[in-house]
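Working notes, beginning with the structure itself.
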There are 2 protein chains.
Amino acid sequence: MKGVPSLNTLAYGLLSLLTYKTYSGYELTQHIQPFWPAKHSQIYPLLASLEQAGYVSHKLVVQHDKPDKKMYAITESGSLKLGEWLAMSAAEPATRDELAFKAYCLHKFAKSPDARRLFEQRAELSRNKLQFLKAKKAEVQARDGRSGDLPTSDSPHFGAYILIDKGLRVFEAELEWCEWVLSQLPE
Amino acid sequence: MKGVPSLNTLAYGLLSLLTYKTYSGYELTQHIQPFWPAKHSQIYPLLASLEQAGYVSHKLVVQHDKPDKKMYAITESGSLKLGEWLAMSAAEPATRDELAFKAYCLHKFAKSPDARRLFEQRAELSRNKLQFLKAKKAEVQARDGRSGDLPTSDSPHFGAYILIDKGLRVFEAELEWCEWVLSQLPE
DNA sequence: CTTTTCATGTAACAAGTTACATGATTAA
DNA sequence: TTAATCATGTAACTTGTTACATGAAAAG
């Protein structure tokens, strides 16, 4: 006897996105990146298996200028499954960052211009992320009506909003760290 | 014709740790966690293959109260290989966090006490990490002699120090974020 | 007495990446 | 004309996790 098929985190992530609106596999692949990096080769088969399990369903949308696409929606059964998962404790986040290893070895090459370059590149990355998130924030605020004001916890955009806020806080901290390290490194 | 064996990030990570001192596979598994989560079942075979490639070597240390262990050291060849890698640009960090998905779905269960619990647990996790890092910081400062003063970029502990500093900044930001979210959520 | 720590390994499985495969439209 | 975007999929491979396997010492 085997119970209900158990889903992995990526699968729950797809269901999470689909609580907002319908998406194609292509769109899901793009939108899930900031939360959970994954390639289309992982998403497409997973969507197929979620559909087989009855947690999502799709409608084919015929397009003329672009290839046809499959628009996926979460089902009642998928919503229930997601609801159970939402109530459970979240696992510890896992971050894997090459730069941490390279930073740890700074005593081996701190005088090299390569060392400075690593932190300049990371600072640039943080600045780009911050710029992206600031644009997103404005977008969500506009969509929520009262511009300048923050969405409240009952707003449908509250989830999106707090995640943008988290990104802003964390990337700001990372940028400041990079700039501090650069100030400590010899020119 | 096949060139030099190419290493993955975890392998370079092990070499990075070994630039400080010798470690057993067991110790490497523990110390690498904050940088790059990995299980011993991944570390042990990787160490064996690094040794076969000549990048590390080990000496068996016989113990009486505990099981014998293999103490690994980086070789000259391993140092060269690591040096090449250090000079290369670091890939974008990858973070995978379940809580992001659950936060994104807050409109589905913001009123539930489960929602509050998720952020309370994450806040607690951040507090624990901060406490750990503060202890580490004091430890490194003590080891570096001038207590209260920060190690300079030529200190052998500079790498360890800046990583602790990064953790402090980022987990501080995450903790503040959790507390802010909790202030927005209904009791 | 039961669990944790120390210590090393392998086998089976799940998750994630890269490469292969196709093909029209549009922008540079 | 070359590259990028849109759109879906599979095959082969690498990476990472869980489970199996052993066993002594120490702490609760």
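Order of the sequence lines sets the chain letters (A, B, ...), proteins ahead of strands, with each chain counted from 1.
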Flag the pair B/R117 and B/E120 as a salt bridge only when some basic side-chain nitrogen lies within less than 4.0 angstrom of an acidic carboxylate oxygen.
no
Quickly work out the A/M71 CE to D/dC6 P distance and round it to whole Å.
13 Å
Of the candidates D/dT18, C/dC6, D/dT8, the side chain of B/Y26 sits closest to C/dC6
What integer distance in Å separates A/H40:NE2 from D/dA7:P?
14 Å
A/Q63 side-chain N/O to D/dC6 phosphate OP1/OP2 under 4.0 Å
no
Expressed as a whole number of angstroms, how long is the span from A/Y23:OH to D/dT8:P?
14 Å
Using only side-chain N and O atoms of A/Q42, determine if any of them is under 4.0 Å from OP1 or OP2 of C/dT18.
no
Per nearest nucleotide of DNA chain D, the residue lying toward the 5' end, A/P67 or A/P45, is A/P67
Hey, does the side chain of A/Y44 come within less than 4.0 Å of D/dT8's phosphate (OP1/OP2), counting only N and O?
yes
Please report, rounded to the nearest Å, how far the C1' atom of D/dT17 is from the CG atom of B/L46.
15 Å
Nearest-nucleotide 5' precedence on DNA chain C, A/D65 against A/T9
A/T9
If you check the A/R96 side chain, which of D/dT18, C/dT18, D/dG16 turns out closest?
D/dG16
Between A/D68 and A/S41, which residue's closest nucleotide on DNA chain D lies nearer the 5′ terminus?
A/D68
B/R169/B/E172 salt bridge by N-O under 4.0 Å criterion
no
In whole angstrom, what separates B/Y12's OH from D/dT15's P?
12 Å
Just call it for A/K66: base, sugar-phosphate, or nothing, with non-hydrogen atoms closer than 4.0 Å on any strand.
sugar-phosphate
Pick the closest DNA chain C nucleotide for B/Q30 and for A/L10 by heavy atoms, then say which residue is nearer the 5' end.
B/Q30
Interatomic distance, B/L133 atom CG to B/K166 atom NZ [nearest 0.5 angstrom]
11.5 Å
So, is A/W36 near the phosphate of C/dG16, with a side-chain N or O under 4.0 Å from OP1 or OP2?
yes
Atom-pair distance (CG on A/L28; C1' on D/dA7), nearest Å
13 Å
Can A/K21 be said to sit on top of A/Y23's aromatic six-ring, NZ or CZ under 6.0 Å from centre and within 45° of the ring axis?
yes
Does any donor-acceptor pair link the side chain of A/S24 with the base of D/dT8 at a separation under 3.5 Å?
no
Provide, to the nearest angstrom, the distance between the CD1 atom belonging to B/I43 and the P atom belonging to C/dA7.
15 Å
Students often mix this up, so state it plainly: with edges at 30° and 60°, are the rings of A/H58 and A/Y72 parallel, tilted or perpendicular?
tilted
Counting only side-chain heavy atoms from C-beta out, which of C/dT17, D/dG9, D/dT18 sits nearest to A/Y72?
D/dG9
Looking only at the side chain of B/K69 (C-beta and beyond, no hydrogens), which of the listed nucleotides D/dC6, C/dT18, C/dT8 gets closest?
C/dT8
Test: B/R96 and A/E92 ion pair at under 4.0 Å:
no
At 4.0 Å (heavy atoms only), tell me whether B/E27 reaches a base, stays on the sugar-phosphate, or touches nothing.
nothing
Compare side-chain N and O positions of A/K39 against OP1 and OP2 of C/dT18 and report whether any pair is under 4.0 Å apart.
yes
Separation of D/dT18 atom P from A/N8 atom CG, nearest Å, is 12 Å
